Amino acid sequence: MKKIETSALIGLGALGILFGRKMPGVKVIADAERVARYSAQPVVCNGKECHFDYVTPEQGQPVDLVLVAVKATVLEQAIKDIKKFVGPDTIIISVLNGITSEEHIETAYPGRTLWSVAIGMDATRSGRTLVFNQAGKIQFGERDGALTGRVQAVADYLDACGIANEPCSDILYKQWNKLMVNDGLNQAAAAFDQPYGGLRQPGEAQDMMRAAMQEVIRLANLEGVPLPRDNDEQFLRTAMPTFNPDGMPSMRQDVLAKRPTEVEEFAGVVRARAKKYGMPTPANDFFYARIQEIEAGYCK
(Lines give C-alpha, C1' and ligand atoms only; values in the text may rest on other atoms or scores of the structure.)
Protein backbone atom coordinates (compact mmCIF):
# COMPACT_ATOMS: atom_id res chain seq x y z
CA MET A 1 0.00 0.00 0.00
CA LYS A 2 1.42 3.39 -1.01
CA LYS A 3 2.25 5.97 1.61
CA ILE A 4 -0.46 8.57 2.28
CA GLU A 5 0.90 11.95 1.27
CA THR A 6 -2.13 14.06 0.31
CA SER A 7 -5.35 14.59 2.22
CA ALA A 8 -8.64 16.47 2.20
CA LEU A 9 -11.11 17.27 4.94
CA ILE A 10 -14.79 18.15 4.73
CA GLY A 11 -16.48 19.57 7.81
CA LEU A 12 -14.82 22.19 9.98
CA GLY A 13 -16.77 21.68 13.17
CA ALA A 14 -15.20 20.48 16.40
CA LEU A 15 -13.74 17.24 15.05
CA GLY A 16 -12.66 18.77 11.77
CA ILE A 17 -10.73 21.44 13.66
CA LEU A 18 -9.28 19.01 16.21
CA PHE A 19 -7.85 16.69 13.60
CA GLY A 20 -7.45 19.00 10.60
CA ARG A 21 -5.16 21.41 12.42
CA LYS A 22 -2.61 18.58 12.70
CA MET A 23 -2.77 17.43 9.05
CA PRO A 24 -0.04 19.26 7.08
CA GLY A 25 -1.23 20.52 3.70
CA VAL A 26 -4.78 19.24 4.13
CA LYS A 27 -7.31 20.66 1.66
CA VAL A 28 -10.45 21.82 3.48
CA ILE A 29 -13.46 21.42 1.21
CA ALA A 30 -16.13 24.13 1.45
CA ASP A 31 -18.43 26.03 -0.86
CA ALA A 32 -17.41 29.50 -2.01
CA GLU A 33 -19.51 31.29 0.61
CA ARG A 34 -17.96 29.30 3.44
CA VAL A 35 -14.46 29.74 2.03
CA ALA A 36 -14.94 33.52 2.11
CA ARG A 37 -16.33 33.42 5.65
CA TYR A 38 -13.68 31.05 7.00
CA SER A 39 -10.88 33.04 5.39
CA ALA A 40 -12.16 36.30 6.88
CA GLN A 41 -12.48 34.83 10.39
CA PRO A 42 -9.89 32.13 11.16
CA VAL A 43 -10.65 29.33 13.57
CA VAL A 44 -9.24 29.83 17.07
CA CYS A 45 -8.43 26.59 18.89
CA ASN A 46 -7.39 26.82 22.56
CA GLY A 47 -6.40 30.44 21.95
CA LYS A 48 -4.34 29.82 18.78
CA GLU A 49 -5.42 30.73 15.25
CA CYS A 50 -5.63 27.85 12.77
CA HIS A 51 -5.15 28.59 9.08
CA PHE A 52 -6.26 26.13 6.42
CA ASP A 53 -6.00 25.73 2.65
CA TYR A 54 -9.61 26.01 1.47
CA VAL A 55 -10.85 24.60 -1.84
CA THR A 56 -14.31 24.34 -3.36
CA PRO A 57 -15.77 21.00 -4.49
CA GLU A 58 -15.29 22.07 -8.11
CA GLN A 59 -11.54 22.55 -7.56
CA GLY A 60 -11.01 19.01 -6.35
CA GLN A 61 -8.20 16.67 -7.37
CA PRO A 62 -7.85 13.07 -6.12
CA VAL A 63 -6.05 12.72 -2.77
CA ASP A 64 -4.80 9.72 -0.82
CA LEU A 65 -7.06 10.25 2.19
CA VAL A 66 -10.40 12.02 2.70
CA LEU A 67 -11.56 12.70 6.25
CA VAL A 68 -15.32 13.28 6.51
CA ALA A 69 -16.17 15.30 9.63
CA VAL A 70 -19.53 16.91 8.83
CA LYS A 71 -22.72 16.50 10.82
CA ALA A 72 -24.94 13.59 9.81
CA THR A 73 -27.62 16.11 8.83
CA VAL A 74 -25.50 17.22 5.84
CA LEU A 75 -23.75 13.94 4.98
CA GLU A 76 -25.64 13.49 1.71
CA GLN A 77 -24.31 16.80 0.38
CA ALA A 78 -20.81 16.08 1.67
CA ILE A 79 -20.75 12.78 -0.23
CA LYS A 80 -21.45 14.74 -3.42
CA ASP A 81 -18.90 17.46 -2.57
CA ILE A 82 -15.97 15.06 -2.16
CA LYS A 83 -16.47 13.44 -5.58
CA LYS A 84 -13.51 15.09 -7.33
CA PHE A 85 -11.21 14.33 -4.40
CA VAL A 86 -11.86 10.58 -4.61
CA GLY A 87 -9.65 8.58 -6.94
CA PRO A 88 -9.28 4.82 -7.46
CA ASP A 89 -6.87 4.48 -4.50
CA THR A 90 -8.37 7.07 -2.15
CA ILE A 91 -9.15 5.94 1.41
CA ILE A 92 -12.14 7.56 3.10
CA ILE A 93 -12.58 7.80 6.86
CA SER A 94 -15.68 9.20 8.55
CA VAL A 95 -15.63 10.49 12.12
CA LEU A 96 -19.37 11.17 12.15
CA ASN A 97 -21.38 10.14 15.15
CA GLY A 98 -23.58 7.08 14.82
CA ILE A 99 -23.13 3.78 13.02
CA THR A 100 -24.52 4.51 9.54
CA SER A 101 -22.26 7.04 7.77
CA GLU A 102 -19.82 4.44 6.43
CA GLU A 103 -22.68 2.55 4.81
CA HIS A 104 -23.75 5.68 2.91
CA ILE A 105 -20.19 6.59 1.88
CA GLU A 106 -19.37 3.03 0.79
CA THR A 107 -22.51 2.95 -1.36
CA ALA A 108 -21.34 6.07 -3.19
CA TYR A 109 -17.66 5.11 -3.39
CA PRO A 110 -17.39 1.29 -3.20
CA GLY A 111 -14.25 -0.20 -1.74
CA ARG A 112 -12.77 3.02 -0.42
CA THR A 113 -14.14 3.25 3.11
CA LEU A 114 -12.57 2.26 6.40
CA TRP A 115 -14.95 2.03 9.35
CA SER A 116 -13.95 4.45 12.09
CA VAL A 117 -14.92 6.32 15.23
CA ALA A 118 -13.50 9.30 17.12
CA ILE A 119 -13.45 8.97 20.90
CA GLY A 120 -12.28 10.70 24.05
CA MET A 121 -12.53 14.35 23.06
CA ASP A 122 -14.31 17.01 25.09
CA ALA A 123 -14.20 19.89 22.61
CA THR A 124 -16.72 22.75 22.83
CA ARG A 125 -17.21 24.99 19.81
CA SER A 126 -18.77 28.45 19.87
CA GLY A 127 -18.81 30.10 16.46
CA ARG A 128 -15.24 30.01 15.16
CA THR A 129 -13.75 29.25 18.59
CA LEU A 130 -12.94 25.78 19.92
CA VAL A 131 -11.70 24.83 23.37
CA PHE A 132 -10.78 21.38 24.64
CA ASN A 133 -8.91 19.50 27.35
CA GLN A 134 -8.89 16.07 25.69
CA ALA A 135 -8.11 15.87 21.94
CA GLY A 136 -9.25 12.25 21.69
CA LYS A 137 -8.20 9.71 19.08
CA ILE A 138 -9.41 8.00 15.91
CA GLN A 139 -10.10 4.27 15.97
CA PHE A 140 -10.42 2.63 12.55
CA GLY A 141 -10.30 -0.63 10.67
CA GLU A 142 -11.79 -2.81 7.98
CA ARG A 143 -15.39 -3.74 8.59
CA ASP A 144 -14.45 -7.44 8.64
CA GLY A 145 -11.61 -6.86 11.09
CA ALA A 146 -8.75 -7.58 8.68
CA LEU A 147 -5.57 -5.60 9.40
CA THR A 148 -4.85 -4.68 5.78
CA GLY A 149 -2.19 -2.56 4.16
CA ARG A 150 -4.47 0.43 3.95
CA VAL A 151 -5.19 0.22 7.67
CA GLN A 152 -1.44 0.37 8.28
CA ALA A 153 -1.05 3.23 5.80
CA VAL A 154 -3.64 5.31 7.69
CA ALA A 155 -1.98 4.49 11.01
CA ASP A 156 1.40 5.59 9.65
CA TYR A 157 -0.10 8.83 8.33
CA LEU A 158 -1.89 9.70 11.56
CA ASP A 159 1.22 8.87 13.57
CA ALA A 160 3.22 11.25 11.38
CA CYS A 161 0.60 13.96 11.95
CA GLY A 162 0.70 13.49 15.71
CA ILE A 163 -2.94 12.39 15.82
CA ALA A 164 -3.64 9.68 18.40
CA ASN A 165 -5.04 6.63 16.66
CA GLU A 166 -5.77 2.93 17.07
CA PRO A 167 -6.01 0.40 14.23
CA CYS A 168 -8.74 -2.03 15.25
CA SER A 169 -9.72 -5.60 14.42
CA ASP A 170 -13.05 -5.02 16.21
CA ILE A 171 -14.17 -1.67 14.82
CA LEU A 172 -17.89 -2.54 14.93
CA TYR A 173 -17.54 -3.11 18.68
CA LYS A 174 -15.83 0.28 18.97
CA GLN A 175 -18.56 1.99 16.97
CA TRP A 176 -21.35 0.55 19.07
CA ASN A 177 -19.49 1.54 22.23
CA LYS A 178 -19.36 5.14 20.96
CA LEU A 179 -23.04 4.95 19.99
CA MET A 180 -23.81 3.95 23.57
CA VAL A 181 -21.96 7.03 24.83
CA ASN A 182 -23.57 9.42 22.36
CA ASP A 183 -27.03 7.98 22.75
CA GLY A 184 -26.92 8.62 26.47
CA LEU A 185 -24.54 11.53 26.97
CA ASN A 186 -25.41 13.71 23.98
CA GLN A 187 -29.15 13.27 24.25
CA ALA A 188 -29.29 13.74 28.02
CA ALA A 189 -27.19 16.91 27.80
CA ALA A 190 -29.51 18.32 25.14
CA ALA A 191 -32.81 17.21 26.66
CA PHE A 192 -31.96 18.29 30.22
CA ASP A 193 -29.77 21.30 29.32
CA GLN A 194 -26.77 20.01 31.28
CA PRO A 195 -22.97 20.24 30.85
CA TYR A 196 -20.75 17.24 31.54
CA GLY A 197 -20.54 18.15 35.21
CA GLY A 198 -24.32 18.12 35.59
CA LEU A 199 -24.57 14.65 34.10
CA ARG A 200 -22.08 13.33 36.64
CA GLN A 201 -24.52 14.11 39.45
CA PRO A 202 -27.18 11.57 40.49
CA GLY A 203 -30.66 12.54 39.37
CA GLU A 204 -33.18 12.29 36.53
CA ALA A 205 -30.78 13.36 33.77
CA GLN A 206 -28.20 10.74 34.73
CA ASP A 207 -30.88 8.08 35.18
CA MET A 208 -32.28 8.68 31.69
CA MET A 209 -28.78 8.82 30.22
CA ARG A 210 -27.95 5.43 31.68
CA ALA A 211 -31.31 3.95 30.64
CA ALA A 212 -30.65 4.99 27.04
CA MET A 213 -27.14 3.51 27.22
CA GLN A 214 -28.56 0.23 28.51
CA GLU A 215 -30.93 0.11 25.53
CA VAL A 216 -27.97 0.45 23.17
CA ILE A 217 -26.13 -2.33 25.01
CA ARG A 218 -29.12 -4.67 24.70
CA LEU A 219 -29.55 -3.80 21.02
CA ALA A 220 -25.85 -4.29 20.29
CA ASN A 221 -26.01 -7.76 21.86
CA LEU A 222 -29.01 -8.60 19.68
CA GLU A 223 -27.04 -7.43 16.64
CA GLY A 224 -24.16 -9.72 17.56
CA VAL A 225 -21.88 -7.02 19.00
CA PRO A 226 -20.78 -8.07 22.51
CA LEU A 227 -20.91 -4.86 24.54
CA PRO A 228 -20.60 -5.72 28.25
CA ARG A 229 -23.81 -5.31 30.25
CA ASP A 230 -22.04 -2.89 32.61
CA ASN A 231 -20.54 -0.78 29.81
CA ASP A 232 -22.41 2.32 30.98
CA GLU A 233 -20.98 1.95 34.50
CA GLN A 234 -17.47 1.60 33.11
CA PHE A 235 -17.90 4.80 31.09
CA LEU A 236 -19.17 6.79 34.07
CA ARG A 237 -16.36 5.51 36.26
CA THR A 238 -13.41 5.93 33.87
CA ALA A 239 -14.18 8.42 31.09
CA MET A 240 -16.61 10.95 32.54
CA PRO A 241 -14.20 12.21 35.24
CA THR A 242 -11.71 13.26 32.53
CA PHE A 243 -14.15 15.68 30.86
CA ASN A 244 -14.22 19.39 31.59
CA PRO A 245 -17.25 19.74 33.90
CA ASP A 246 -18.24 23.00 32.18
CA GLY A 247 -17.91 21.48 28.71
CA MET A 248 -20.72 19.91 26.74
CA PRO A 249 -21.24 17.34 23.98
CA SER A 250 -22.10 18.33 20.43
CA MET A 251 -25.86 17.87 20.65
CA ARG A 252 -26.21 20.36 23.50
CA GLN A 253 -24.02 22.77 21.53
CA ASP A 254 -26.38 22.32 18.57
CA VAL A 255 -29.46 22.97 20.70
CA LEU A 256 -27.99 26.13 22.22
CA ALA A 257 -27.06 27.37 18.74
CA LYS A 258 -30.49 26.35 17.39
CA ARG A 259 -28.94 23.99 14.84
CA PRO A 260 -30.47 20.69 13.62
CA THR A 261 -29.36 17.85 15.87
CA GLU A 262 -28.30 14.27 15.13
CA VAL A 263 -31.23 12.75 17.02
CA GLU A 264 -32.06 10.58 14.00
CA GLU A 265 -28.59 9.02 14.19
CA PHE A 266 -28.97 8.29 17.89
CA ALA A 267 -32.50 7.66 19.15
CA GLY A 268 -33.84 7.33 15.59
CA VAL A 269 -31.46 4.53 14.63
CA VAL A 270 -31.83 2.73 17.98
CA ARG A 271 -35.62 2.82 17.83
CA ALA A 272 -35.74 1.63 14.21
CA ARG A 273 -33.32 -1.26 14.70
CA ALA A 274 -34.87 -2.32 18.01
CA LYS A 275 -38.22 -2.78 16.28
CA LYS A 276 -36.75 -5.71 14.32
CA TYR A 277 -36.41 -7.57 17.60
CA GLY A 278 -39.54 -6.34 19.30
CA MET A 279 -37.32 -4.62 21.86
CA PRO A 280 -38.88 -1.68 23.75
CA THR A 281 -36.90 1.57 23.91
CA PRO A 282 -38.66 3.87 26.42
CA ALA A 283 -35.57 6.00 27.14
CA ASN A 284 -34.84 6.56 23.47
CA ASP A 285 -38.53 7.18 22.81
CA PHE A 286 -38.38 9.92 25.45
CA PHE A 287 -35.24 11.50 24.01
CA TYR A 288 -36.53 11.30 20.44
CA ALA A 289 -39.75 13.12 21.33
CA ARG A 290 -38.09 15.65 23.65
CA ILE A 291 -35.32 16.66 21.26
CA GLN A 292 -37.72 16.93 18.33
CA GLU A 293 -39.87 19.17 20.54
CA ILE A 294 -36.81 21.35 21.31
CA GLU A 295 -35.96 21.66 17.61
CA ALA A 296 -39.56 22.53 16.75
CA GLY A 297 -39.32 25.41 19.23
CA TYR A 298 -36.37 27.05 17.46
CA CYS A 299 -38.56 29.23 15.27
CA LYS A 300 -40.93 30.31 18.04
Side-chain angles (χ1 to χ4, degrees), residues 70-76 96-104 117 119 172-237 239-240 243 248-300:
V70 298
K71 289 284 189 178
T73 51
V74 295
L75 177 60
E76 183 177 350
L96 272 70
N97 286 324
I99 57 173
T100 64
S101 65
E102 285 87 358
E103 296 169 1
H104 296 299
V117 62
I119 66 165
L172 295 184
Y173 177 97
K174 298 294 198 299
Q175 284 194 326
W176 277 86
N177 182 65
K178 177 66 180 293
L179 178 63
M180 180 207 73
V181 174
N182 281 331
D183 196 74
L185 187 70
N186 262 281
Q187 295 190 135
F192 291 96
D193 193 24
Q194 290 290 329
Y196 292 124
L199 295 177
R200 289 185 201 167
Q201 306 305 314
E204 184 182 10
Q206 188 186 103
D207 290 345
M208 290 299 294
M209 176 179 74
R210 293 188 61 181
M213 288 178 168
Q214 277 290 318
E215 289 173 7
V216 174
I217 293 169
R218 289 195 293 276
L219 178 59
N221 293 166
L222 290 169
E223 295 261 305
V225 180
L227 288 187
R229 294 306 299 268
D230 65 346
N231 219 36
D232 56 327
E233 294 177 16
Q234 293 180 37
F235 171 76
L236 288 172
R237 185 173 62 252
M240 278 289 280
F243 294 168
M248 66 188 82
S250 59
M251 186 176 280
R252 183 169 184 245
Q253 296 176 46
D254 289 338
V255 164
L256 292 177
K258 297 188 179 344
R259 294 189 294 255
T261 73
E262 294 177 306
V263 68
E264 292 293 346
E265 290 300 310
F266 300 154
V269 166
V270 171
R271 295 168 79 236
R273 296 202 178 192
K275 284 180 181 177
K276 295 187 302 181
Y277 305 101
M279 180 189 126
T281 55
N284 276 282
D285 292 345
F286 165 79
F287 282 131
Y288 191 76
R290 176 61 187 138
I291 293 165
Q292 284 197 323
E293 178 185 13
I294 291 171
E295 289 191 49
Y298 288 170
C299 59
K300 294 180 181 178

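The structure displayed is predicted, hence computed values, not measured ones. The figures that follow rest on heavy atoms only: side chains count, while hydrogens, waters and symmetry mates do not.
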For side chain to side chain contact (heavy atoms under 4.5 Å, CB included), just list the numbers for T261 and Q187, CA-CA rounded to whole Å, side-chain angles, deciding distance to a tenth of an Å, and then say yes or no. CA-CA 10 Å; T261 73; Q187 295 190 135; over 6 Å; no

Before you tell me yes or no, could you show the steps for K276 and E223 under salt bridge (charged side-chain N to carboxylate O under 4.0 Å, His left out), namely the whole-Å CA-CA distance, both residues' side-chain angles and the distance that decides it to 0.1 Å? CA-CA 10 Å; K276 295 187 302 181; E223 295 261 305; 3.0 Å; yes

Residue pair V255, Y298: steps toward the side chain to side chain contact (heavy atoms under 4.5 Å, CB included) verdict: CA-CA 9 Å; V255 164; Y298 288 170; 3.8 Å; yes

In sequence, state the C-alpha distance, the side-chain angles, and the governing distance for N182 and E262, and then conclude on side chain to side chain contact (heavy atoms under 4.5 Å, CB included). CA-CA 10 Å; N182 281 331; E262 294 177 306; over 6 Å; no

The test is side chain to side chain contact (heavy atoms under 4.5 Å, CB included); show your working for R229 and R218 and say whether it passes. CA-CA 8 Å; R229 294 306 299 268; R218 289 195 293 276; 3.6 Å; yes

Q175 vs E102, test: side chain to side chain donor-acceptor pair (under 3.5 Å). Steps then yes/no. CA-CA 11 Å; Q175 284 194 326; E102 285 87 358; 3.0 Å; yes

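For the pair R200 (side chain) and M240 (backbone), a donor-acceptor distance under 3.5 Å is present. Between the side chain of N221 and the backbone N or O of V225 there is at least one donor-acceptor pair closer than 3.5 Å.
Y173 and P226 get closest at one heavy-atom pair: CE1-O, 3.3 Å.
The side-chain heavy atoms of R273 and I99, taken from C-beta on, include a pair separated by under 4.5 Å. Between Y277 and L219 the shortest side-chain heavy-atom distance falls below 4.5 Å. Between S101 and E265, every side-chain heavy-atom pair lies at or beyond the 4.5 Å cut-off. At least one side-chain heavy atom of D193 sits less than 4.5 Å from a side-chain heavy atom of L256. Side chains of Q194 and Q206 form no contact here, defined as non-hydrogen atoms less than 4.5 Å apart.
Rounded to the nearest 0.5 angstrom, L236 CG and Q234 CD are separated by 10.5 Å.
With Y288 as the partner, the side-chain contact (heavy atoms from CB on, under 4.5 Å) test is satisfied by one option alone out of T281, V263, V270: V263. Residue R210 forms a salt bridge (Lys or Arg N to Asp or Glu O under 4.0 Å) with just one option from D232, D183, D230, and that option is D232.
Using cut-offs of 30° and 60° for the angle between ring planes, the F243 and Y196 rings count as tilted.
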